[in-house]
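Report on the structure given below.
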Amino acid sequence: MPQDLSLDTVEELAHARVQDCYQCGKCSAGCPIVERMDNLPNQLLRLLQLGRIERAAASAAIWECVSCMTCTTRCPKAVDCAGLLDALRQLSIEHGFASPAQRRTILFQRAFLDNIRRNGRLAELELVRQFKMQGFLDDLSVPQLFKDALLGPQLLRRRKLHLRPRRVKDRKLVGRIFARCQANGEKP
Amino acid sequence: MARIGVFTCWCGENIARNVDVQSVAEQAAQLPGVRCSQTHKYMCSDPGQKLIRDTIAAERLDGVVIASCSPHMHLKTFRKAAEHADLNPYLVEMANVREQCSWVHSQRSRATAKAVDLIRVAVAKVRHNRALEPIQVPVTRKVLVVGGGVAGIQAALDIADSGVPVVLVEREPSIGGKMAGLSETFPTLDCSQCILTPRMVEVAQHPNITLHTCSEVEQVEGYVGNFRVTIRKQARYIDVDKCTGCGQCWNACPSKKTPSEFDYGLGKRTAIYTPFPQAVPARPVIDRDACLRLTKGRCGICVKKCQADAIRFDDQDELVSEDIGAIIVATGYQLYEIGKPDGQGRVTGYGEYGYGRYPDVISSLQFERLVSASGPTGGEIRRPSDGAVPKTVVFISCVGSRDNAKGLSYCSKICCMVNAKHTMLYKHKVHDGQAHVFYMDIRAGGKNYDEFVRRAIEQDGAHYHRGRVSKITQEDGRLIVRGVDTLAGEPLTIAADLVVLAAAMRPATGVEDLAQKVNVGYDEFGFLCESHPKLRPVETNAAGVFVCGACHGPKDIPESVTQASAAAAKVLLMFSRDRLYREPEIAHVQESACAGCFACRRSCPYHAIDPAEIRDRQGQLVRRVARVNPGLCMGCGTCVALCVSKSVDLEGFSEEQVYAMVESLR
Amino acid sequence: MNTAASDPANGEFEPKIVAYVCNWCTYLGADLAGTNRLEYPANVRIIRLPCTGRIDFNLIVKAFEIGADAVLVSGCHPGDCHYTSGNYHARRRWMLFRELLATLGIETERVHFTWISAAEGKKFQQLISEITSTTRDLGPYHAYREICETCEV
Amino acid sequence: MLQPLRETCRRLLDDGTVQVVIGYGQAMRAVEPYPVFITDPNDVGQLVWNEQCRTNLVKYLLRQEIRALGKPAIVVKGCDERALVVLEQESQIERSEIVVIGVACDGMAEARCEVCDAHQPRFADHTIGHATNKEQSAERRYAHLAEFQERPIADRMDYWKAELERCVKCYACRQSCPLCYCQRCIVEKNRPAVLDTSPTLKGNFAWHIVRAFHLAGRCVGCDQCSRVCPEGIDLRLLNQSMARASEASFGHRSGTDPQAELVLGNFSKQDQEQFIR
Amino acid sequence: MEIGYYPGCALHGSSNDYEMSVRACLAALGVRLRELDDWICCGATAAHSLNHKLAVALPARNLGLAERDGMEELLAPCPMCSMQLMKARRLLFANDALQQEISAIVELDVRGTTQVCNLIQIFQQVGYERIQQAATQQLGEFRPACYYGCLLTRPPGVVQFDDCEHPQSMESLLSELGAAPVEWNYKTECCGAGMTMANEATVLELGHRILSNAAAHGANCLVVACPMCHVNLDMKQAAINQRYSAEHDMVVYYLSDLVGLALGLAPAALGIPRHFVVRK
């Protein structure tokens, strides 16, 4: 079940209060990739203030955010703008607003966590296999890092890969931690 | 008290329509302690009052209850009437059988019953009333004004002109305050110094004003009308009486590198100096941290140059005591520290704006000095780094203000007007220059204010962008300002030659200390609290202490001056009588029972309770108890409710009275 | 009982309500109700005190002791106190005292706390009407009277 | 524990740091320990320490006859110590004029000890022994009260009627309370008599309401009043309801923080007021 | 001096050159690293974005291990790890209820008592002066642009390290060692780390800006203290050049590389030959 497209959901996910924002635009002024955004960060906040969650969650801008936290750091009202965009991305995926290309970020993050759940630490090569199993090739553009580098001979030549990384001894414990954290209804 | 008269009023038909006045009077006559019960058509009329006076005399009444309208309407009237009949006015109470009975209850039988109850309550109270005398406090007709900025000057002159002596205390070497450093003032663009300096001179020459510069309030004792104030006069190292202010000394002083406070560091001054040419008093002062003689024991050129023999290197701080009747606090403001190094490599405040890092990022008060004809550039706008005339200037609003994350949530109120003024002054001096303003809202409420801002935009071509600036960096000698125009919905980067930050107004340093000395409350930012925001805007909760100017909240010059005159008027009103009369319905402590927990003291809104020491005959301290200062108590009774041993009581609403009132309803 | 505990006309239960109000806001609010001729039930007996800060918790107990069926305590809105902070002190006191009453099994729905300003004549009228009617529904406060009656024996 | 306790006391008396030590003495195990006031270093052998030392001795600091003995040292448990903090906040003692000897306590086999979070004294000048302070949730600490408050209101009223019916107005609750220090107790005040002081149900209600509320935001939960009540009235319930409300509404636990503002006599503009219309 | 050590997944994965460098450099300074026994991943942004509790629990487990083993301090050279650990620590330290809940989840008592620090803080503890005394080589030929990126100084409330707008800690260290760091404007601008996977165009653009500004201010190399920054600026440099027809030839060092060189260590011992852009 996707979560409600309501302001409450967004604020709860982000632990932030949208009405605190007074639209000064400092988030937009400092954003390193603002030129690529269809809606400026302050405009996204404004949409949320107006209750137009769907328009905000369907905005392409949320997928441009690099989570550098400049906006949050400089916000005069201490609104966690970056956190709100995080929440919007999550809702966007759940409600199917995101294009396959945009879904990559979150799908990658899920694969990443799944990998950790099973291994305790990141197993890079396995992560790649996992992508494929999760239908990652839907959009036929395998993530860049893997395309041009990770799998490339260069990394291997530079011995920048452990083919068999040391694994965690008590891997079951990690599984239990995940289970307990996910039991409380938060999205896995 | 057993000889109480009850006087029930018909109020024409107003009471009589719904209340059976005759029946009420008859029932009242039966109440314990009631001697007689009378009615009258209009009790507040002359014949009504005469009836009361005559009955008091004839029946030798020792208590009176008037059952008529609200005590807020006529309690004073009837108390005065009783006084004329030689009955202590505090032995008169009222039963409100009109507003709270006949006017709101139409069922005659129930309204009548209630009226009797209300009289019953009033009789119960009056039986336990005590004769009270108004508290008289003598008044010393002399005023202390703290702070010699425009507000302090205005207040001091208003009071002194009315013939009352004033002691004006100023921390800096000269009066004049922030206004003395301004170039021109909004919305008229008249020269700040031209209108202020004559007032400063007036202060210096006024026979009723004693001026202490380089001075601060050290201690305040006493209470309204009777303060004793100790003032610390810092060593000036100049014999002010001998000095002629000729200037030989500062022209010769070899220590020339101290940043000028008056120019906010944009210029330099000598160790012996006057802060600015029109300073009042027009006498120099020696900076003890910069003077070569005082720091290293050598030099002394000024002594050689001084023909008046006025240099005093052995000068010491001096304490001066003054008896004062009222205090006006006018300590003004300082600018928010835009970027303050925290000593661990970090900057608190606005690190992102590079203030202190890039010389061409300056504060609005620094810009005032750059435009001022008496400033370090002689009024030519030249930027600090290389002296070039800036062709693009960015002004940023709300630096510190309305920024919860940096600690100040309030609007500083004047910056919108300051920015508009600055863009105009800039354009008038640099015709081919372009001014940009980043703002969040334009707040220009005031006579001719909004028109002024529109002129800056429409006639002088300032570009206004609605948005905050996120970061300022420096590339190739220019300042790269990254902002946004939220109205256009576009990020905006401007390469500027000079950036001016309109920093927030904060109360001057040390105001909290002073506030504690005079028992005035202050808010989380240090602004002093007025007694009531609408009705007592210049009074404080400390009787006899008044506030005006920016120490009370951000304000501009006209407002500060208005408030200063208001404070002066309040003081003169207070001084219009030889003695102060205060309502005697105040708290008092039964010291033998007081356990000294001081819950009363904690809660008293007027700081009217002090610890007093009980000593035995040998002078040994037995214990400490609470004691009410009758000059300060306003009679709210919060202390009574808090006192667990009920050792404090409130005249007029004593425990005995209140319980008797409740009991009468049994 | 010489106060309006019951109306002899119809024998219906008439609650006795004691109101402790501050002199500067609620008392003036009640006056305003009168000036505007806003009718309300005649069951309330106002006792005027300078400030809610003066209203001792014991007065509430006292009111029940003399047979009140409900008690009203009312003063200036926060920030409007004539003495700047008496009502803030009162607010804390009441908050704790309500808790004590609840623990003792005293019916806190018979103790009403309100802020009524000098401009709120209408609010005063509505409040008194409401309290009178809810107290009427609750019936006489027998429980506390029993406590008091055992003492008189 | 006992040895170092006695040694500390001897040293304090020996070097004249204090003139009297207020501690526990006991004649035999079968009787409760009682307070002893030791002025001679050679008498420190009278001091005892065991799991029967339930009494909070702080009360004795305030007694005139004991004050007359000179500068005192007092033996306290972590829980007793909270009363010292309150007394200092209320200007009743000068902390520098008292030497506090804290004794680590593993519990005195009372119900309150099971939810105690002050086994180890925190503000003492000398601490004997070591115990660990474990945090206790408010739910646990006020479980007894919460259970009582589950009852319907009429039941509660009936309960108190039955309990207070028995009160004989002996005022042992007051006499034993370390925070009852008034020069003249309110029940002794006449003109006007604030309270009905008769030992009737009405008078008893009046007294216990006043007693509990005068401890609002102050009571440190030493339970001395319940312990000494000859009728076994559970006064804890009233004290706890005030303590819990102070904690829940104002974040105040009396006697745990010497810097904290007392609940009554202070206020915050942000205080809640849902119950006010 | 011994210190707890949390390498994190990146240093045990494709950024093992960083680990080599850190280990070699600190060994030369006499700092013994005691690797946290059986550490697990800190959860990185993934946990943060998807499950807030997990975002506390994963680092908390590691903090618990460190506390169990009596470590007073824990070095996490990857700023992502150190920020996540610091954040969890801060939350736990202030909240008893959370402490209890998380302790139950991770099956270990966690109180948040172990201090977490980044690589620069370790150098500060050793003391810049001591490092300078131990140095055998002058770094005079280096004119580095020190690049802090996002997580070393942000969020300032969490990491409380250096100035979040104008950090200076790397510059002061390298100046001590004879290098001539340049003042430039992109020290704390983002390299797009979080986007490496999803949005290459952004990463390339941000990288291009950073490299250009460094060059414009006269830098001849970049210094980083983050594995992700290294990937985006070093490994991606060729792609950046291709996209923007640029000719960046900016060697990207880890901070420990330059300190190591100053201490006289061989480039190979520091893993420098494993970088993509190498000094000619």
Side-chain angles (χ1 to χ4, degrees), chain B residues 124-125 127-130 521 523-524 529 589-605 607 609-614 616 620-627 636 638-650 653-664 666, chain D residues 61-64 67-68 83 85-94 97 174 177-197 202 206-207 209-219 242 250 252 254 260-271:
Chain B
K125 184 176 186 202
R127 288 182 72 190
H128 297 95
N129 273 18
R130 292 200 317 129
D523 66 18
E524 57 183 306
C529 297
V589 175
Q590 187 187 339
E591 294 181 1
S592 62
C594 174
C597 72
F598 296 110
C600 49
R601 186 169 189 236
R602 269 202 310 277
S603 66
C604 180
H607 305 282
I609 299 178
D610 291 314
E613 295 182 341
I614 306 258
D616 61 16
Q620 290 288 309
L621 177 67
V622 181
R623 60 202 172 88
R624 288 189 178 81
V625 296
R627 189 173 288 167
C636 68
T638 301
C639 50
V640 181
L642 272 170
C643 179
V644 288
S645 61
K646 290 290 170 277
S647 306
V648 59
D649 210 344
L650 182 64
F653 293 93
S654 69
E655 288 280 283
E656 196 170 13
Q657 289 173 303
V658 176
Y659 285 125
M661 288 158 86
V662 186
E663 279 293 338
S664 73
R666 182 179 286 278
Chain D
L61 272 180
L62 304 172
R63 297 267 279 258
Q64 281 308 325
R67 286 192 167 185
V85 173
V86 179
L87 288 176
E88 192 191 5
Q89 287 167 328
E90 296 180 349
S91 316
Q92 296 304 307
I93 56 170
E94 202 58 76
E97 294 300 308
R174 177 187 79 184
C177 176
L179 298 180
C180 277
Y181 51 70
C182 287
Q183 296 282 317
R184 175 202 62 195
C185 177
I186 187 166
V187 295
E188 278 135 22
K189 182 174 189 311
N190 41 31
R191 276 190 59 82
V194 179
L195 305 183
D196 177 354
T197 50
K202 176 184 168 211
W207 161 244
I209 289 175
V210 162
R211 194 200 60 80
F213 199 71
H214 281 182
L215 285 168
R218 302 172 63 230
C219 174
M242 293 293 83
F250 312 114
H252 183 87
S254 67
E261 285 190 334
L262 296 169
V263 171
L264 291 180
N266 289 302
F267 67 87
S268 157
K269 289 183 179 172
Q270 274 74 47
D271 284 345

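Numbered from 1 within each chain, the chains take letters A, B, ... in sequence-line order. All of these numbers come straight from a predicted model, not from anything done at the bench.
- Heavy atoms closer than 4.5 Å to chain D are found in the side chain of B/Gln590, but not in its backbone.
- The ring-ring contact (aromatic ring centres under 6.0 Å, His included) test applied to D/Phe213 returns C/Phe57, C/Phe97, not counting sequence neighbours.
- From D/Arg67, atom CZ reaches atom CZ of B/Arg623 across 11.0 Å, with rounding to the nearest 0.5 Å.
- Nearest heavy atoms, B/Arg602 versus D/Leu264: NH2-O, 2.8 Å.
- The local environment of CZ in B/Arg624 is sparse, with at most 12 non-hydrogen atoms from other residues, nucleotides or ligands closer than 6.0 Å.
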Checklist entry - What do the steps show when you test B/Ser647 against D/Arg184 for side-chain contact (heavy atoms from CB on, under 4.5 Å), and what is the final call? => result CA-CA 9 Å; B/Ser647 306; D/Arg184 175 202 62 195; 4.0 Å; yes

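- Contact annotation for B/Cys604: neither backbone nor side-chain heavy atoms come within less than 4.5 Å of a heavy atom of chain D.
- Heavy atoms from other residues, nucleotides or ligands lying under 6.0 Å from CD of B/Glu663 number more than 12.
- Of all non-hydrogen atoms in D/Ser91 and B/Gly596, the two that sit nearest each other are CB-O, 3.6 Å.
- The OG atom of B/Ser603 sits 11.5 Å away from atom CG of D/Leu262, with the distance rounded to the nearest 0.5 Å.
- Smallest separation of non-hydrogen atoms from D/Cys182 and B/Val644: SG-CG2, 3.6 Å.
- Side-chain contact check for D/Gln92 versus B/Cys597: some heavy-atom pair is nearer than 4.5 Å.
- For D/Phe267, the ring-ring contact (aromatic ring centres under 6.0 Å, His included) partners at least two apart in sequence or on another chain are C/Tyr88, C/His89.
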